[in-house]
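These notes concern the structure reproduced below.
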Amino acid sequence: MDIDRDHIDEVILISRASRRDAYLEILAAMERLHAKGLISDQVGKAKSAVFTDEGLRRSEASFRKLFAVGREA
């Protein structure tokens, strides 16, 4: 699969626009993903988490949908 790196760059720019707000939103999203059973509970200061089997499947599908070259916009 070819990856649209320009699209990824745009997403990173948006997420960095307001670092404090983006960080808080990421933490909140991680909590929601855990509540949905898609990732393990966040561990330690680094707030790392592991995908569940369903979370990994959905992550891969979402990545292809959002960043694959030739995706429908």
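Both backbone and side-chain heavy atoms feed into the values below; hydrogens, waters and symmetry mates do not.
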Using side-chain heavy atoms (C-beta onward) and a distance below 4.5 Å, is Ile3 in contact with Ile8?
yes
For the side chain of Ser40 and the backbone of Ala49, is there at least one donor-acceptor N/O pair under 3.5 Å apart?
no
Hydrophobic clustering (ILVMFWY, side-chain heavy atoms < 4.5 Å, transitive) - are Leu56 and Leu33 grouped together?
yes
How close do Glu54 and Leu38 get, heavy atom to heavy atom, and via which atoms?
CG-CD2, 3.7 Å
What distance do Leu27 atom CG and Arg32 atom CZ have between them, rounded to the nearest 0.5 Å?
10.5 Å
Starting at CZ of Arg5, measure out to CD1 of Ile12 and round the result to the nearest 0.5 Å.
12.5 Å
Student check: side-chain heavy atoms of Phe67 and Asp2 closer than 4.5 Å
no
With rounding to the nearest 0.5 Å, note down the distance linking CD in Glu31 to CG in Asp41.
9.0 Å
Is it true that Ile26 and Leu13 fall in one hydrophobic cluster, defined by side-chain heavy atoms closer than 4.5 Å?
no
Group every Ile, Leu, Val, Met, Phe, Trp and Tyr by side-chain heavy-atom contacts under 4.5 Å, then state whether Leu66 and Ile14 land in the same group.
no
Atom pair NZ (Lys65) and CZ (Arg58), whose distance is rounded to the nearest 0.5 Å
10.5 Å
I want to check something: taking the side chain as every heavy atom from C-beta on, are Asp6 and Asp9 in contact at a cut-off of under 4.5 Å?
yes
